[in-house]
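Predicted model, so just to flag it, every value in this text is computed and none were measured.
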Amino acid sequence: MEFVLLNGEIIERSDAKIDVEDRGYQFGDGVYEVIRVYNGSMFTSEEHLARFRKSAEAIGIKLNFTIEEISAFLNQLIEKNNVVLGTVYLQITRGTSPRNHAFPSPGVPTNIVAYTKEVARPVENMKSGVKAMLIEDIRWLRCDIKSLNLLGNLLAKQEAVEAGCFEAIQHRGQTVTEGSSSNILMIKEGKIITHPADNLILNGITKRKLQEICIAAQIPFEERSFTIDEISQADEILLTSTTAEIMPIVEVNGKAVNEGIPGTLTKRLQELFETEIEKQCGELTIKI
Ligand SMILES: *Cc1c(COP(=O)(O)O)cnc(C)c1O
C-alpha cells in the first residue's frame, strides 16, 4: 500500500482526490520541492522547507502548517512508505476555486500534497558524465521561485532529450543561466564559477551545499555570470540537483569537455559531497 499526504492527512494514494478546479491543475498556481531521502532520512530538509515557504510567500500563498508540522508529516510518510533511498515530492497550490485569474477570496484553503518515490542514485551517469546542449532560456523573470509553471523548463529539456542529451544548458543571449532542472557550474583554472542567485535562476540547495563544502575545503567558488564563450573554453563543467547530486558534463553541443571524461576537481567534489550525505544520513551502501 502506498500513502500520500493530502491537506494534513496521510491517506492511501487511491483515496487522494483533487478537484478539477484546483488552481495548480488549471494555472500551475503553486510551488513545490523535491527532497532527497538517503537511508530513510531526509537530506538538507531544513533548507528545502525554508525555500518552500519562501517560494510560497513570493506568490502570496500562506502556508497553513508550520515548517515543523510539514517536516513531521514528511517523516511519517517516509516511514509509512518504507522509503530507504528515494525522494519526497511536496507541493502547495492556491486551492480549489471557480476558474478565474484573480486570486480567490482569502478564505479558500490551499491544497498541500506530498508523495514519496524510490529513486536510485544515478551512479553510472555520475561516474561517466553526461551530454548537454545549449538552449535559449525563454522562461519568465522569476526563476528564483520553485513554481509549478515549468513549461519553459520542459520545452528545453525535451529539446535536449531529443538531441540525445541529459540536460539543457540554458542561456539568455550570451549569459549562461542554469539547466532545465539543475544548476550549471563551470571550472576554469581550479575555480568554480556559477551564475549568481538572482531572479534568473533557482537557487539550488545542492549547489549551495557544494559552495559550503568548497569554502570549508578552500576550493575557490565564485558566483558571477559567465558567457557561452567562457563555458565552451571551460576545463570542467558540472550540474547539480537534488536527484542528480553532482554530475559531470562531458560534452556540450557535440564538443568534448576535458576530453570527454569527468575532471579531477569534479570527482573530488563528488567525494566531498558523499561525505556530507553520510554525515547527515549515515553510510551509503552504493558509492561512486
Ligand atoms: C529544483 C531546481 C534546481 C536544483 O535545485 P536543488 O535544490 O539543488 O534540487 C535547479 N534549477 C531548477 C530550475 C530547479 O527547478
Tyr38: partners by side-chain hydrogen bond (donor to acceptor under 3.5 Å, both in side chains), with sequence neighbours left out = Glu245
Give a yes or no on whether the backbone of Thr240 and the side-chain of Asn183 come within a donor-acceptor separation of less than 3.5 Å.
-> no
Between Ile78 and Ser41, is any pair of side-chain heavy atoms under 4.5 Å apart?
-> no
Under a 4.5 Å cut-off applied to non-hydrogen side-chain atoms, are Ile184 and Gln170 in contact?
-> no
With a 4.5 Å limit on heavy-atom distance, are the side chains of Val250 and Pro262 in contact?
-> yes
CD of Glu12: more than 12 outside heavy atoms within 6.0 angstrom?
-> yes
Hits for salt bridge (charged side-chain N to carboxylate O under 4.0 Å, His left out) against Asp19, two or more places apart or cross-chain, chain-then-number order -> none
Heavy atoms of other groups near Tyr25 OH, more than 12 under 6.0 Å = no
The salt bridge (charged side-chain N to carboxylate O under 4.0 Å, His left out) partners of Glu167 (sequence neighbours excluded) come to none
Would Ile249 end up clustered with Phe226 when hydrophobic side chains under 4.5 Å apart are linked, directly or stepwise?
-> yes
Are Leu185 and Ile237 connected in a single hydrophobic cluster, I mean Ile/Leu/Val/Met/Phe/Trp/Tyr linked by side-chain heavy atoms less than 4.5 Å apart?
-> no
Name all pairs fulfilling the side chain to side chain donor-acceptor pair (under 3.5 Å) condition that reach into residues 251-264, sequence neighbours left out, sorted by first residue then second.
-> none
Pair Phe43 + His48: ring centers closer than 6.0 Å = no
Output yes when Glu33 and Arg51 qualify as a salt bridge under the 4.0 Å nitrogen-oxygen rule, no when they do not.
-> yes
May I have the step-by-step check of side-chain contact (heavy atoms from CB on, under 4.5 Å) for Phe73 and Leu90, ending in yes or no?
-> CA-CA 11 Å; Phe73 287 139; Leu90 170 68; over 6 Å; no
Just one of Arg208, Lys207, Lys209 clears the salt bridge (Lys or Arg N to Asp or Glu O under 4.0 Å) bar with Glu47, so which one?
-> Lys209
Non-hydrogen side-chain atoms of Ser147 and Ser55 separated by less than 4.5 Å = no
Would you find more than 12 non-hydrogen atoms of other residues, nucleotides or ligands less than 6.0 Å from Arg13 atom CZ?
-> no
Please confirm whether the backbone N or O of Gln26 pairs with a side-chain atom of Arg99, one donor and one acceptor, at under 3.5 Å?
-> no
Cationic N near anionic O, under 4.0 Å, Lys279 to Glu276 | yes
Quick one: are His171 and Asp137 in side-chain contact, heavy atoms under 4.5 Å?
-> no
Are the charged groups of Asp144 and Arg142 less than 4.0 angstrom apart, N to O?
-> yes
Can you spot which of Leu148, Ile145, Ile61, Asn149 makes a side chain to side chain contact (heavy atoms under 4.5 Å, CB included) with Val31?
-> Ile145
For Ala168 and Ile135, work out which heavy atoms get closest and say how close.
-> CB-CD1, 3.7 Å
Heavy-atom nearest pair, Ser225 first then Glu230, reads O-OE1, 4.4 Å
Check salt bridge (charged side-chain N to carboxylate O under 4.0 Å, His left out) between Glu159 and all other residues, then give those that pass, not counting sequence neighbours.
-> none
Hey, is the main chain of His101 close enough, under 3.5 Å, to the side chain of Arg23 for a donor-acceptor pair?
-> yes
Quick one: do the Glu274 and Gln270 side chains pair a donor with an acceptor below 3.5 Å?
-> no
Student check: side-chain heavy atoms of Ile112 and Phe52 closer than 4.5 Å = yes
Among side-chain atoms of Asn111 and Thr96, is any donor-acceptor pair under 3.5 angstrom?
-> yes
Heavy atoms, side chains only, cut-off 4.5 Å: are Leu77 and Ile10 in contact?
-> yes
Test salt bridge (charged side-chain N to carboxylate O under 4.0 Å, His left out) applied to Lys117 - qualifying residues, sequence neighbours left out = none
Any donor-acceptor pair under 3.5 Å linking the side chain of Arg172 with the backbone of Arg139?
-> yes
Is the backbone N or O of Ile67 less than 3.5 Å from a side-chain atom of Ser71, with the two atoms forming a donor-acceptor pair by type?
-> no
In terms of heavy-atom contacts, does CD of Glu79 have more than 12 from other residues, nucleotides or ligands at under 6.0 Å?
-> no
Any side-chain heavy atom of His195 sitting closer than 4.5 Å to one from Val176?
-> no
For Glu46, does the CD atom have more than 12 heavy-atom neighbours from other residues, nucleotides or ligands under 6.0 Å away?
-> no
What's the spacing between Ile231 CD1 and Ile169 CD1 if we round to 0.5 Å?
-> 4.5 Å
Determine, using the 4.5 Å side-chain heavy-atom cutoff (strictly less than), whether Ile187 and Leu272 are members of one ILVMFWY cluster.
-> yes
Crowding at NZ, Lys146 (>12 non-hydrogen neighbours, <6.0 Å) = yes
Same apolar cluster: Ile70 and Val37, side chain cutoff 4.5 Å | yes
Glu118 CD: over 12 foreign heavy atoms closer than 6.0 Å = yes
Cluster question for you: counting only ILVMFWY and a side-chain heavy-atom cut-off of under 4.5 Å, with indirect links fine, are Leu134 and Val257 together?
-> yes
